[in-house]
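Quick note on labels: first sequence line is chain A, next is B, and so on, each numbered from 1. Keep in mind that this is a model prediction, so the values were computed, not measured. Heavy-atom basis, side chains included; hydrogens, waters and symmetry copies ignored.
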Protein chains: 2
Amino acid sequence: MSETSGEAGGTPGERISDAEHAIMEVLWDRHPLSAAEVCDEVCETRGWSMPTVKTLLSRLVGKGALATEPAGRKFLYSPLIERSDYVGGESRRLVDRLFGGRAASLFAHLAESEALTDEDLGEIERLLKEMRK
Amino acid sequence: MSETSGEAGGTPGERISDAEHAIMEVLWDRHPLSAAEVCDEVCETRGWSMPTVKTLLSRLVGKGALATEPAGRKFLYSPLIERSDYVGGESRRLVDRLFGGRAASLFAHLAESEALTDEDLGEIERLLKEMRK
DNA sequence: TCGGTGTGTCTACAGGTGTAATCGGAGAGG
DNA sequence: CCTCTCCGATTACACCTGTAGACACACCGA
């Protein structure tokens with residue numbers, strides 16, 4: 001595996017869990033944010049309480065996925081890893097695990113299971129044309 | 001725990017974990033197999049021991065993902081759920097979680113991150129053409 | 001200066017997962 | 001018939017995850 005970093009303290013590359021991912025989404029969308037602000041974004045939708053958010057934030061900091069920046073008496077959190085890196089990693093993991101690394105197989109499967117809308121198809125076609133140039 | 005009647009598929013949709021998935025792959029490829037045969041297929045590659053395989057098999061049976069069929073004094077295991085169902089579910093989960101349900105976004109991401117080989121592109125193009133018919 | 005309010009850290013705990021040792025019963029061999 | 005062996009089932013245990021309470025401390029306002 002291409003793990004670009006070494007390890008120690010806040011090593012990036014630690015696995016981000018599902019609940020943690022929800023937190024990351026908020027911070028990818030807008031950052032830096034305080035714990036309270038993050039809670040404002042997710043506590044209602046996910047039914048979480050403040051302590052839960054704080055735990056998740058701490059774990060993410062521990063995993064090296066978030067940076068903390070002292071602002072006044074509180075901390076502001078910002079992502080340390082790129083959303084596209086995470087998304088890419090997860091996508092690749094899925095493709096590897098389920099389709100033997102063949103992205104075309106994933107596509108074929110989505111196509112067969114009619115998970116692709118006309119809109120999807122149109123856009124993919126467009127992208128494809130663009131790449132072929 | 002009281003299984004009064006022979007009802008095994010009563011809890012479909014139970015989450016299949018990563019290690020369990022490896023077992024499923026073996027059985028999707030070839031079935032029915034005994035525990036020993038499954039172990040032959042995965043124990044070396046994954047560094048598992050027989051007890052581990054048996055535990056995973058039991059859990060899968062418990063989850064309603066495998067059926068057991070007594071053959072002589074041993075049991076033979078067969079998948080109860082289709083590989084395509086599992087794969088489809090996992091794919092959709094990923095697309096939902098990471099791309100807001102838009103499969104085109106997944107494709108775009110794979111394209112951008114150059115995870116698509118020329119071969120992939122060719123095949124996707126072909127599939128696309130076929131669907132458009 | 002003193003208390004309240006907000007913030008991060010520590011602790012907790014149930015359920016799932018990875019991994020494996022051990023037990024108990026059903027045949028196989030002597 | 002008795003023992004050995006093989007196999008599934010049971011039990012074990014550490015770690016991760018989801019969820020949350022309790023605690024300590026710093027600052028703002030009175």
Kindly state each residue pair satisfying salt bridge (Lys or Arg N to Asp or Glu O under 4.0 Å) with at least one member in residues 20-39 of chain A, sequence neighbours excluded.
-> A:Glu20-A:Lys63, A:Glu25-A:Arg83, A:Arg30-A:Glu41
Sequence neighbours excluded, every pair satisfying disulfide bond (SG atoms under 2.5 Å apart) that has a member inside [range]:
range	value
residues 42-133 of chain B	B:Cys39-B:Cys43
residues 93-133 of chain B	none
residues 88-133 of chain B	none

Can you tell me which residue pairs pass the ring-ring contact (aromatic ring centres under 6.0 Å, His included) test with a partner in residues 29-85 of chain A, sequence neighbours excluded?
-> none
Applied to residues 101-111 of chain A, the side chain to side chain donor-acceptor pair (under 3.5 Å) test, sequence neighbours excluded, yields A:Arg102-B:Asp120
Heavy atom of residues 35-42 of chain A under 4.0 Å from DNA chain C: which residues?
-> A:Ala35, A:Ala36
Partners passing salt bridge (charged side-chain N to carboxylate O under 4.0 Å, His left out) against B:Glu125 (at least two apart in sequence or in another chain) = A:Arg132
With B:Asp118 via side chain to side chain donor-acceptor pair (under 3.5 Å) - residues at least two apart | none
Those residues that, when tested against B:Arg97, pass side chain to side chain donor-acceptor pair (under 3.5 Å) (two or more places apart) = A:Asp18, A:His21, A:Tyr86
Identify all pairs in which a protein N or O lies below 3.5 Å from an N or O of nucleotides 16-22 of chain D, and state each distance.
{"residue": "D:dT17", "atom": "OP2", "partner": "A:Lys63", "partner atom": "NZ", "Å": "3.2"}
{"residue": "D:dG18", "atom": "OP1", "partner": "A:Asp18", "partner atom": "N", "Å": "3.3"}
{"residue": "D:dG18", "atom": "OP1", "partner": "A:Ala19", "partner atom": "N", "Å": "2.9"}
{"residue": "D:dG18", "atom": "OP2", "partner": "A:Ser17", "partner atom": "OG", "Å": "2.3"}
{"residue": "D:dG18", "atom": "N7", "partner": "A:Arg59", "partner atom": "NH1", "Å": "2.8"}
{"residue": "D:dG18", "atom": "N7", "partner": "A:Arg59", "partner atom": "NH2", "Å": "3.4"}
{"residue": "D:dG18", "atom": "O6", "partner": "A:Arg59", "partner atom": "NH2", "Å": "3.1"}
{"residue": "D:dT19", "atom": "OP2", "partner": "A:Trp48", "partner atom": "NE1", "Å": "2.5"}
{"residue": "D:dT19", "atom": "O4", "partner": "A:Arg59", "partner atom": "NH2", "Å": "3.1"}
{"residue": "D:dA20", "atom": "OP2", "partner": "A:Ser49", "partner atom": "N", "Å": "3.2"}
{"residue": "D:dA20", "atom": "OP2", "partner": "A:Ser49", "partner atom": "OG", "Å": "3.4"}
{"residue": "D:dA20", "atom": "OP2", "partner": "A:Thr52", "partner atom": "OG1", "Å": "2.8"}
{"residue": "D:dA20", "atom": "N7", "partner": "A:Thr55", "partner atom": "OG1", "Å": "3.3"}
{"residue": "D:dA20", "atom": "N6", "partner": "A:Thr55", "partner atom": "OG1", "Å": "2.5"}

In the 5' to 3' direction, the nucleotides of DNA chain C bounding the stretch that comes under 4.0 Å of a heavy atom in chain B are C:dT17 to C:dG27
Atom pair distance, as rounded to whole Å: CE in B:Met50 and P in D:dT5 | 17 Å
Spacing of B:Leu66 atom CG relative to D:dG8 atom C1', expressed in whole Å = 14 Å
Kindly check if the number of other-residue, nucleotide or ligand heavy atoms within 6.0 Å of CD (B:Glu69) is above 12?
-> yes
